[in-house]
Structure formats: C-alpha cells, structure tokens
Amino acid sequence: MSDKQVRLLMVLTSLLWSGAFITGKFSVQDFPPFALTFFRFLFALPFIFTILYIKEPKNLFPRGKQWPALLLLGFVGTFCYHVLFFTSLSYTTAINSSLIGAINPMVTTLLAAMFFSEGLTFKRMLGIFLSFSGVFLFITNGDWQIISQFQVNHGDFLMLLGVFCFSTYSLLSRRYMKQYNISPFMITAYTFLICVIISFPFVLWENPTTYLSTATARGWLSILYMSVFASVLGYLFQSIAIQRIGASRTAVFINLVPIFTIIQSVTILGESITLIKLICAAIVITGVYLATRPDTQTPFLNSPNKVA
C-alpha cells in the first residue's frame with residue numbers, strides 16, 4: 001500500500017469517526033459512559049475477530065510479551081480514552097471538546113519527537129499549525145465573542161486527559177507492532193476485547209436495570225454504527241496507517257473530523273454553513289497535506305533519548 005493510499009484511508013477514517021459524533025449525540029441520551037464504552041466494543045468483537053481469522057488464521061492468539069503490550073494499549077487507548085470522552089461530554093461544551101480534540105496531532109507529534117525519535121521538520125510543524133488554526137477558526141467562525149467565552153472546566157480537563165491517552169496509544173502501538181511483531185489486526189481485535197473485559201464491572205456498577213428498559217432503537221443503532229464503522233474500521237485503518245506513515249503523521253488527520261462533523265450536521269441536521277467555514281476547511285486540508293507528505297528535510301527537533 002502506497003503512502004497516497006494510506007492518506008486516503010485516513011481521510012475515510014476521519015469521515016467514519018466524525019459520524020460517531022452525530023450518533024454519539026443520540027446514544028448518550030440512553031446510556032451512561034461505561035455502558036456506551038462496553039456495548040460499543042462488545043458489538044465490534046464478532047466483526048474484528050472474523051477479520052483477524054480471515055486475514056491471519058495462523059496468528060489468532062498473542063504470545064509471550066505480546067500480552068502485556070496489548071493489555072496496556074487496550075487499557076490506555078480504548079478503555080480510558082472512551083470513558084474520558086463520554087464522561088467529558090456531561091461537563092463541557094461542544095466548542096471546548098472539539099478544540100481540545102484538535103490538539104491531538106500536536107501532542108502526538110511532540111511526544112513522538114521527544115520520546116520516540118520521530119523527526120520534526122519545519123514543514124510538518126507548519127502543517128500542524130495550519131490545520132489546528134483552521135479547526136479553531138472553523139469551530140468559532142472567527143467570532144471573537146465565542147473565542148472570549150472559552151473557559152476551562154472539569155470536562156475540559158477530562159477531554160485533555162483523553163487526548164494524552166489517545167496520543168500515547170498511537171505512539172505505543174507503532175512501537176509494539178515493531179518490537180513484538182504484532183499486526184494491526186491483532187492490536188485492534190485484542191484491545192477491543194480487553195476494553196470489554198475491563199468495562200464489565202463498571203457497567204454493573206452503573207446498574208443496567210435503570211436504563212436498558214428505556215433504551216430506544218435509535219440509541220442501539222447509534223452504538224452499532226460506532227461499533228462497526230468508527231471502531232472496527234476506524235481503529236483498523238488507523239493501525240495500518242501508523243504502521244506505514246508513523247503516529248504523528250497519522251494523527252494530523254484527526255483535524256479533519258470536526259470538518260466532516262459539521263458537513264454532516266448541515267446535510268443531516270439542516271444546519272447552515274458560512275463562507276469562512278469553507279475557507280477554514282481549505283486551510284485544514286492544506287495543513288494536513290503539508291504535515292503528512294513524506295519528509296525530504298532534515299529534522300530540526302529530534303530526541304536524544306531514542307527508545308524506538
């Protein structure tokens with residue numbers, strides 16, 4: 001698979017993840033955070049293990065040191081991130097959560113340069129800056145009143161922790177794929193399974209009898225979408241991209257998620273879009289292109305502590 005095909009795959013992944021924000025708005029009305037996390041990945045298990053069986057029939061079970069690596073990835077990147085994300089939505093605004101989520105590429109790139117010896121060139125930093133700036137203007141519509149009302153609260157802090165969890169997952173997954181010879185299919189399948197197992201006692205703590213009887217068909221279908229498209233395909237495509245182009249370049253595509261989310265809001269929810277949002281979308285796409293192109297420059301920032 002060429003780098004161009006990988007980039008197109010991550011554009012599709014961003015589209016799938018953006019759909020999770022629309023369906024997530026429906027599902028949080030019916031389910032608490034741990035239940036959402038549990039059912040989202042429980043429903044994903046038959047699909048992802050079928051894919052693993054078809055693609056790698058001789059590589060169905062982890063061996064030796066692969067288990068601790070998968071346990072850490074499943075706990076940090078799947079369980080912790082999603083619980084923090086769903087919980088934060090109860091405390092923070094959509095504007096705040098979108099802006100905080102948009103710093104994920106910067107966090108991933110800086111952590112990759114500091115601890116995982118991934119080069120950090122001027123072109124890549126410029127691309128990250130452009131894409132984040134585009135997202136910032138896209139969400140705020142360039143309205144100073146909206147920008148001035150941006151306040152930090154409990155939900156913002158939880159979302160920020162979630163960003164660090166997801167960045168850590170992205171970086172460690174690439175390292176572990178190389179170090180322990182773990183395929184993207186195995187990582188996706190077993191991190192989902194580990195998340196389901198860890199989530200189960202917390203689901204019991206939330207007392208399922210208080211919400212299962214009132215859950216709507218729309219809520220269950222929303223979880224099914226997040227399971228198959230946002231989780232199985234999204235995480236699988238992301239793992240393939242991380243293996244091919246690295247964690248920091250893969251993470252930049254997350255900046256496309258708010259763009260696709262607003263486009264779907266216009267088409268599905270009937271919301272309006274302005275000229276400035278179209279301009280900002282072009283800025284984001286330009287930034288993603290610059291930050292993910294193969295590097296020909298010498299990195300100006302690289303960590304002396306090489307662990308990869």
Side-chain angles (χ1 to χ4, degrees), residues 1 6 9-10 13 17 34 37-38 40-42 44-85 104-105 107-118 161-202 227 230-251 253-254 303 305-308:
M1 183 177 290
V6 172
L9 199 63
M10 279 308 301
T13 301
W17 281 343
F34 288 111
T37 303
F38 174 78
R40 173 173 176 168
F41 292 101
L42 177 67
L45 289 181
F47 297 97
I48 191 58
F49 272 94
T50 299
I51 294 173
L52 177 63
Y53 177 77
I54 293 172
K55 299 293 291 187
E56 300 176 357
K58 297 181 179 180
N59 193 35
L60 291 178
F61 302 102
R63 304 176 184 85
K65 293 183 178 180
Q66 290 178 336
W67 274 112
L70 291 169
L71 285 169
L72 180 59
L73 292 174
F75 176 71
V76 173
T78 312
F79 174 75
C80 288
Y81 171 75
H82 285 89
V83 169
L84 288 167
F85 170 70
N104 184 290
V107 172
T108 303
T109 299
L110 292 174
L111 290 177
M114 293 169 62
F115 301 109
F116 292 84
S117 67
E118 287 196 15
L161 288 178
V163 167
F164 274 92
C165 285
F166 200 77
S167 295
T168 302
Y169 166 85
S170 299
L171 292 167
L172 288 178
S173 61
R174 188 188 193 198
R175 178 184 180 185
Y176 290 159
M177 278 190 279
K178 291 182 177 180
Q179 185 174 351
Y180 301 117
N181 194 28
I182 308 176
S183 71
F185 301 99
M186 177 176 282
I187 279 186
T188 307
Y190 279 92
T191 53
F192 285 11
L193 176 61
I194 290 163
C195 178
V196 169
I197 294 172
I198 296 174
S199 301
F200 184 68
F202 295 98
S227 298
S231 295
V232 174
L233 297 181
Y235 268 74
L236 182 59
F237 292 165
Q238 183 206 31
S239 295
I240 293 172
I242 289 172
Q243 188 180 50
R244 285 284 301 141
I245 65 175
S248 58
R249 289 168 65 194
T250 299
F253 287 91
I254 293 174
S303 172
N305 301 316
K306 296 184 178 181
V307 295

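In this text, all values refer to a predicted model and were calculated from it rather than measured experimentally.
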Apply ring pair (Phe, Tyr, Trp, His ring centres under 6.0 Å) to the pair Phe85 and Phe166, showing each step before the final yes or no. CA-CA 10 Å; Phe85 170 70; Phe166 200 77; over 10 Å; no

Determine, stepwise, if the pair Ile194 / Thr78 fulfils side-chain contact (heavy atoms from CB on, under 4.5 Å). CA-CA 9 Å; Ile194 290 163; Thr78 312; over 6 Å; no

Hey, mind stepping through Tyr53 and Phe185 against ring pair (Phe, Tyr, Trp, His ring centres under 6.0 Å) and telling me if it holds? CA-CA 9 Å; Tyr53 177 77; Phe185 301 99; over 10 Å; no

Could you walk me through whether Phe202 and Phe79 pass the side-chain contact (heavy atoms from CB on, under 4.5 Å) check? CA-CA 11 Å; Phe202 295 98; Phe79 174 75; 3.8 Å; yes

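In this structure, Ser239 and Ile187 approach most closely via the heavy-atom pair OG-CG2, 4.2 Å. Considering all non-hydrogen atoms of both residues, Cys80 and Cys165 come closest at CB-SG, 3.9 Å. In terms of heavy-atom proximity, Pro62 sits nearest to Trp67 at O-NE1, 3.3 Å. The nearest pair of heavy atoms linking Arg63 to Asn59 is NH1-OD1, 3.4 Å.
Here the OG-CG distance, from Ser231 to Leu42, works out to 11.5 Å after rounding to the nearest 0.5 Å. Rounded to the nearest 0.5 Å, atoms OG1 (Thr191) and CD1 (Ile48) are 8.5 Å apart. Rounded to the nearest 0.5 angstrom, Thr250 OG1 and Ile242 CD1 are separated by 5.5 Å. Within the model, atoms CD of Glu56 and CE of Met186 stand 7.0 Å from one another, a figure rounded to the nearest 0.5 Å. Residue Thr108 holds its OG1 atom at 9.5 Å from CZ of Phe164, rounded to the nearest 0.5 Å. Between Thr188 atom OG1 and Ile182 atom CD1 the span is 11.0 Å, to the nearest 0.5 Å.
Using a 4.5 Å heavy-atom threshold, the side chains of Leu72 and Pro68 count as separate. Using a 4.5 Å heavy-atom threshold, the side chains of Tyr235 and Tyr169 count as touching. With contacts defined as side-chain heavy-atom distances shorter than 4.5 Å, the pair Val76/Tyr81 does not qualify. No side-chain heavy atom of Phe34 sits under 4.5 Å from any side-chain heavy atom of Ser199.
Put simply, the residue from Pro184, Ser173, Ser170 that forms a side chain to side chain contact (heavy atoms under 4.5 Å, CB included) with Gln238 is Ser170.
Proximity of a side-chain donor or acceptor of Ser227 to a complementary backbone N or O of Phe41 within less than 3.5 Å is not detected.
For Tyr176, the ring pair (Phe, Tyr, Trp, His ring centres under 6.0 Å) partners two or more places apart in sequence, or in a different chain, are Tyr180. Applying the side-chain contact (heavy atoms from CB on, under 4.5 Å) rule to Thr13 yields the partners Met10, Trp17, Phe237; only residues at least two apart in sequence or on another chain are considered.
The aromatic ring centroids of Phe49 and Tyr190 lie less than 6.0 Å from each other.
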